[in-house]
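Naming: A, B, ... by sequence-line order, numbering from 1 per chain. Just so we're clear, the structure is a prediction, and the values are computed from it rather than from any experiment.
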Amino acid sequence: MSILTFTLRKRPDQRVDMSPLVHNKLAGMPVEEIRTLTLRLGKRRVEVDELFDVHGDPGDRFIIRNSSNKLDYIGREQESGAITVEGDAGAYLGMRMKGGKITVIGSAGIFAACEMQDGDLEIKGNAGDFLGGALPGNKQGMKGGTVLVKGNVGQRAGDHMRRGIILVEGSAGDYCGSRMTAGTIAVMGDTGRYLGYAMKRGTLLLWKQPNVPPTFNDCGSHTLTFLSLFFASMRNSDSKFSDPVAVFNRVRRYGGDMSSSGRGEILVKIG
Amino acid sequence: MLIKLTGGTVYDPKHEINGEVRDLYIRDGRVIEQPSDSKIDQEYDLSGKVVMAGAIDMHTHIGGGKVNIARMLLPEDHRADPACRSELLRSGCGNAAPSTLTTGYRYAEMGYTAGFEPAMLPINARQAHMEMGDIPILDKGGYVMLGSDDFLLRMMAAKKDQQAINDYVAWTIHSAQAIGVKVVNPGGINAFKFNQRTLDLDEKCAHYGVSPRDILVCLATAVKTLGVNHPLHVHGCNLGVPGNKDTTLNTIRAMDGLPLHLTHIQFHSYGTEGDFKFSSGAAEIAEAVNRNRNISIDVGQIMFKQTVTASGDNMRQFANHHHANPKKWVCMDIECDAGCGVVPFKYRDKNFVNALQWAIGLEIFLLVDDPWRIFLTTDHPNGAPFTSYPHLIRLLMDKSFRRDMLATIHSDAARASTLASIEREYSLYEIAVMTRAGAARILGLSDRGHLGAGAAADITVYTERDDKQKMFEKPDYVFKDGELVVRNGEIVKVTWGTTHVIRPEFDPGIEKSLADYFDRYMTMKLGNFKIHDDEIREDGRGNLTVHPCRIGGPA
Amino acid sequence: MIINGVMIDETFAEAFPMKATRVIITAQNSRWAMISAQAMTGFATSVIGCGCEAGIERELTPFETPDGRPGVSVMIFATSRKALAKQLESRAGQCVLTSPTSAIYAGIEDGVPLPLGKSLRYFGDGFQISKKLDGKRYWRIPVMDGEFLAEETTGMKEAVGGGNFLILAESQPQALAACDAAIEIMRKVPNVILPFPGGVVGSGSKVGSKYKSLSASTNDPFCPTLKGKTKSALGPEIESVMEIVIDGLFESAINEAMRMGIEAVCKLGTGNGVRRITAGNYGGKLGPYHFHLREIMA
Amino acid sequence: MMTETNEAGIFKQVPSPFCGVGTDDLTIKVEDTAIRVIENGCAVNTPAFEQPLGDLKPRVVGKKVELKDAVDKAAEILRSASLPLFGGLATDVNGMRAALSLADKTGAIIDNMNFGAALRNFLVVHDSGWVNTTLAEVKNRADLLLVVGCDLESLFPRFFERYIWTADSMFLDDTGKRQVIYLGKIPSGFASKSPSGKAAKVLACPDADLPQVVAVLRALVKGAPLNITEVGGISITELQRLASQLKKAAYGVVTWAVSALDFPQAELTVQTLCEMIKELNRSTRCSGLPLGGKEGDQTSFQVSGWQTGYPSRVDFSAGFPEYDPYLNSVESRLADGSGDALLWISTFNVEKTPPKTPVRKIVVGRSGMQFDREPEVFIPVGTPGIDHCGHAYRTDNVVAVRLRKLRESALPSCSEVLSAIEQTL
């Protein structure tokens with residue numbers, strides 16, 4: 001497999017829009033040409049070479065070394081291939097990605113997986129606010145694919161989420177699942193306040209008993225067949241979710257948000 | 001400086017010039033007669049090119065609160081169409097709710113040199129003028145909105161005499177710096193504040209006991225008596241409601257000869273026949289327009305794309321909010337003056353109703369005989385953004401293109417329309433009437449919309465092409481007040497147009513009752529309400545052009 | 001050709017193209033999965049009278065089902081996509097959705113999608129929930145016993161209907177015993193179903209009838225009691241004829257099922273009264289698939 | 001434009017750019033450059049008008065210089081910056097026009113000082129819109145006022161006097177019969193008490209519970225079943241009563257002030273309120289009234305809106321306006337070090353000084369502004385509505401007020417200074 005490595009020469013003061021550096025845009029481009037592509041750095045335009053030491057062959061795998069939380073829009077609209085980010089990623093990681101895989105060894109900024117359409121996004125550290133959210137004005141956040149966060153996620157994870165799965169091994173901040181239209185967010189750790197605020201549909205699957213909001217009504221304890229399918233779909237993921245110990249299908253179900261259309265659910269593991 | 005435009009083929013309907021090769025001379029921003037001895041400073045060889053006056057959009061929502069609400073509602077609309085800055089131009093955004101600067105640039109790039117904001121609330125007129133003050137190149141103007149304001153309805157309920165109402169209307173035109181008077185869903189916006197959800201022509205506003213018919217007659221009379229050139233500009237009752245053609249026909253009858261301009265009439269020309277209980281009333285409406293010479297219309301053509309509807313008619317916009325696409329909308333009640341409703345809309349060619357709306361608009365265009373009484377509008381942005389005009393012109397001028405488009409829409413709608421059987425194709429002369437001479441005439445702009453001596457040198461030069469869309473998209477040259485502002489469809493100079501206003505006379509005694517009303521009920525002092533000339537002029541770009549009234553003249 | 005004394009006719013079973021789908025029904029235990037499957041495949045012997053032909057393919061272990069519960073694999077055959085979709089919808093809706101603890105999944109991954117949960121979801125009256133897992137969409141429909149789970153769609157394939165052979169025996173009990181033997185082994189063949197009751201047709205039909213409204217009527221040449229009244233195909237030693245009909249996803253599967261069935265029948269041999277094997281052959285006009293008995297058994 | 005004055009330097013019916021609710025009945029006495037509000041003042045307007053003039057001369061690194069030198073220095077700072085930030089933006093329409101033009105030219109990020117709060121409304125408009133009303137409608141029609149999460153009178157001292165307990169109202173026989181209900185914060189004084197002595201109903205809860213209290217209220221308005229008996233210390237019976245009152249009101253008005261909803265993600269609470277208002281309009285009339293409008297913030301949002309399409313936090317560095325309500329805040333760009341120069345515009349309030357930051361600073365501020373740390377460039381400018389004419393928006397957004405010139409101070413306007421900087425570039 002050919003690997004193209006972008007090594008950040010120096011942490012930039014300015015935020016960098018990384019959206020030009022995705023497989024589908026660079027396919028078949030010689031490395032020399034990639035070095036001369038322009039990137040935005042504040043109000044300046046600079047060549048890739050000024051920021052990155054570029055090595056290797058442009059193929060289906062990119063590595064961003066020495067990455068910084070100022071590198072925004074990594075993997076934007078990526079259609080295929082894999083990007084590994086060694087270090088942190090900035091805002092809008094994997095925005096509208098359509099396929100392939102992005103792995104961040106460090107943490108990601110706000111709006112990771114924003115309006116993501118498909119593919120796999122894995123963040124080994126933490127993710128900021130609005131994971132899987134939508135740009136202001138857009139009504140639909142994440143629409144497909146799977147996001148795995150090994151650490152914690154910020155506030156409003158899955159805001160306006162429309163479809164897809166967000167898996168959080170750590171804890172989620174306040175307003176997890178706000179305004180969700182559908183999809184599944186699974187959180188193994190703690191969840192903050194205002195869970196599922198204004199949620200229309202969708203599922204919050206929790207390992208720990210949350211602070212159940214007053215506009216969610218208890219629907220009792222149930223054994224849900226679909227959870228077997230859910231965990232079966234995790235079997236190949238490199239996460240705690242694939243651990244047979246994690247599997248359960250007996251839950252307490254809370255329905256809401258009754259202030260919105262009320263078709264969503266919080267499912268809390270029993271036992 | 002003397003500029004000569006040599007050898008162009010001129011279409012100047014005011015002077016009945018229909019495609020004649022003429023030379024034009026410009027000095028100090030005006031078209032002049034051929035000078036006998038002067039040296040030509042600049043000459044443009046326009047042989048083989050089409051020359052018209054700059055186009056005038058007599059109904060386009062380019063300024064005022066509802067437009068800015070539409071902007072705030074649609075960040076996604078702006079993200080999709082960014083407009084970059086250049087050495088000459090400011091950055092901005094385009095599409096359904098474009099930024100002011102981009103609005104000016106894009107209009108000018110299409111050969112337009114004036115645009116009129118048709119829904120200027122008196123209380124919001126200051127904002128409308130400030131927004132329009134940031135629209136470069138174009139001349140501007142606004143029609144002040146009355147008819148749902150509590151002051152008028154109180155006067156009518158109290159049976160105040162017409163003279164007092166005339167004074168109030170004139171005072172409002174002055175204080176809002178307007179060139180015409182608009183009425184939107186007469187009385188309906190007010191009735192909605194009292195939770196009435198419909199108001200047909202002869203229904204009464206529950207609180208005031210006044211009907212839309214009363215309001216229309218009262219305001220149309222005032223406008224005529226005051227000598228305002230532009231007839232009362234009417235957005236009628238029941239916008240968008242199937243069967244509203246009868247309301248529209250009744251409205252025409254109700255006028256009994258009083259001049260009236262029915263705006264975006266497409267939205268008011270619906271029948272209730274067929275499986276969908278929605279049908280075209282275009283033939284009846286066009287016939288009524290043809291028969292009644294006191295009536296003028298603009299169409300409000302829709303196009304199949306994303307846009308946003310912004311209207312003072314919050315009663316109807318509230319009812320329409322279920323169709324919002326994307327699903328977000330704003331309705332407001334405003335200052336005992338009127339209201340507004342902003343609902344994004346995506347017209348779809350495979351939707352029966354939308355497809356038929358499209359066909360109805362075109363039917364009206366093609367069935368109304370007199371191009372001097374019908375105007376080319378999309379009711380920007382309600383039917384479509386103004387950038388659709390070249391496409392619309394092609395639909396009117398090219399019947400085979402029209403038929404090709406007809407074949408792509410919802411088949412039941414295509415069948416329900418008579419469009420396929422209409423042979424008419426607009427000529428360049430008729431387009432020039434509709435978009436220039438007629439528009440200037442109906443607004444009373446004596447020095448615009450034509451190319452005779454003394455006219456402001458607002459001139460657009462096109463290369464004639466078979467594809468009329470391409471032709472009208474990208475003029476070769478646009479002159480604004482004698483300055484070359486566009487070359488090959490691109491801005492080469494940014495100028496600032498004037499604001500056209502009218503100042504009918506009135507008895508200042510009206511201010512006494514108004515001051516009392518303002519003190520008791522309004523949240524502003526009368527003196528602070530009025531817009532002074534220097535507010536428009538003081539930034540060094542804006543200007544005012546006052547047009548005379550035709551006191552005593554016939555309608 | 002004669003096998004163990006049994007005459008194999010020089011003829012072919014004439015089969016025709018059908019559309020087929022498979023679904024997997026699971027339940028809390030195998031008994032309830034089977035009850036649901038039986039209900040779903042009931043009254044589905046012949047497309048002519050039932051709208052489809054359906055049968056149980058086999059039982060599935062918990063390791064073979066999507067949700068890890070015991071299950072049953074069911075196939076349904078019909079003459080058009082539309083007819084198949086309609087039958088699938090009504091049978092899944094009336095027989096699986098209603099069956100306690102049940103769930104229903106696609107049994108064919110590819111092919112033309114047929115609505116399953118996609119149409120059943122409306123039973124949820126707006127409370128239904130969709131989940132997409134591993135690229136497949138499922139519908140969770142709240143029902144009285146808990147939650148009914150249905151995959152969005154299942155796949156439809158081009159398939160073959162009407163594979164068959166006829167067992168001619170000396171007596172009714174011997175014919176039936178031969179059928180039992182054949183069916184026991186044929187049920188193990190994947191991708192086929194035997195849609196008739198217990199897999200056996202006691203009343204085979206011919207095309208057409210003297211009554212204008214009927215499109216099929218008794219197969220008089222093979223009716224032993226009519227030997228003297230019609231142009232019989234039966235010799236004097238034959239007292240009973242029974243038919244086994246096979247619908248399959250592929251020609252090869254039908255081939256395999258027929259071979260194993262005929263083999264089992266022949267194994268009983270003349271000693272058990274089995275005299276002859278033939279096939280329903282309509283002169284080659286009914287369908288393009290011809291299963292030549294002697295080629296199959298060669 | 002010096003109207004409505006007499007020999008004694010008395011100005012009547014003076015509009016205020018400070019209070020946000022469009023007060024325009026002030027009587028002001030001007031002696032030389034000293035201003036006194038002699039009628040209809042309030043805790044907000046009086047000190048803002050009476051703020052004495054300070055320095056007239058610009059300073060560069062603390063030294064008094066001519067305006068031209070200060071402008072040159074400012075231009076030099078902006079020219080050399082990688083990413084200039086324009087903060088504050090407290091100015092009038094023309095000042096904002098000039099700021100946007102300069103930002104466009106210098107590739108800057110603009111961010112109004114109050115946008116962090118205003119965003120709580122704008123995000124709602126971007127996402128779902130609302131049904132709102134304006135002050136005159138409130139004054140003449142509102143039979144019920146629900147105040148959510150703010151102590152109205154401390155923010156807008158004359159609100160009740162001018163819009164609720166008015167002598168006249170076109171459609172109410174007795175304005176004293178209006179129902180006033182507080183949800184969340186408790187009023188600090190008695191302005192909400194009716195002239196006949198009827199106190200406002202108060203359903204108090206901590207801010208932290210407000211999101212859920214409002215959600216419960218919306219659920220009750222919808223008629224959704226809930227299995228709780230109280231939320232945030234408020235009984236469901238009380239909230240159910242409030243839901244019924246809202247449904248019964250002929251013209252209910254729900255008001256909030258985003259500056260008071262000062263907790264994370266408060267836009268979700270605002271959105272829940274706004275959706276509830278929409279739902280109420282299925283059967284009756286009810287409208288929202290978002291209150292704000294301090295330091296010219298509405299003015300800045302409006303002008304930015306029509307020139308760029310976005311209210312604030314617009315980045316011009318790409319050559320076209322890009323909106324990011326999170327990353328494009330001055331605060332975050334100073335924190336992450338990407339903004340390397342700050343132009344701070346604050347022409348109304350001398351207290352609103354720039355944030356502490358080591359980056360190069362230009363302050364175009366109201367004369368009299370004091371600094372902990374002297375900015376590299378300070379250009380004192382006139383205050384719109386005192387030193388020069390102008391336009392400002394009031395809280396309900398559709399109404400712009402004409403600001404007057406009350407004195408001759410020789411201070412340039414913000415717009416003049418910014419245009420001069422742009423010319424110098």
Are side-chain N/O atoms of [X] and [Y] paired as donor and acceptor at under 3.5 Å?
| X | Y | value |
| --- | --- | --- |
| D:Ser338 | D:Arg333 | yes |
| A:Glu77 | A:Ser19 | no |
| A:Thr203 | A:Glu265 | yes |

Contacting moiety of [X], where chain A heavy atoms sit under 4.5 Å:
| X | value |
| --- | --- |
| D:Leu226 | both |
| D:Pro211 | both |
| D:Val216 | both |
| D:Glu230 | neither |
| D:Thr272 | side chain |
| D:Pro84 | side chain |

When you check the gap from the basic side-chain N to the acidic O, do [X] and [Y] get nearer than 4.0 Å?
| X | Y | result |
| --- | --- | --- |
| A:Arg40 | D:Asp315 | yes |
| A:Asp159 | A:Arg179 | yes |
| D:Arg360 | D:Glu76 | yes |
| A:Arg45 | A:Asp17 | no |
| A:Lys208 | A:Asp190 | yes |

Tell me, for [X] versus chain D, whether the close heavy atoms (under 4.5 Å) come from the side chain, the backbone, both or neither.
| X | answer |
| --- | --- |
| A:Asn138 | backbone |
| A:Thr215 | both |
| A:Phe111 | side chain |
| A:Tyr194 | both |
| A:Arg15 | both |

I need the residue from [options] with the largest number of non-hydrogen atom pairs under 4.5 Å to chain A.
| options | value |
| --- | --- |
| D:Leu220, D:Val214, D:Asp336 | D:Asp336 |
| D:Asn227, D:Thr269, D:Ile228 | D:Asn227 |
| D:Ala224, D:Ala81, D:Gly107, D:Ala215 | D:Ala215 |
| D:Arg218, D:His126, D:Lys222, D:Gln265 | D:Gln265 |

Residue among A:Lys143, A:Glu115, A:Lys139 satisfying side chain to side chain contact (heavy atoms under 4.5 Å, CB included) with A:Arg162: A:Lys143
Heaviest contributor of heavy-atom pairs below 4.5 Å to chain D, chosen from A:His160, A:Arg44, A:Gln14, is A:Gln14
What distance do A:Ile266 atom CD1 and A:Met199 atom CE have between them, rounded to the nearest 0.5 Å? 6.5 Å
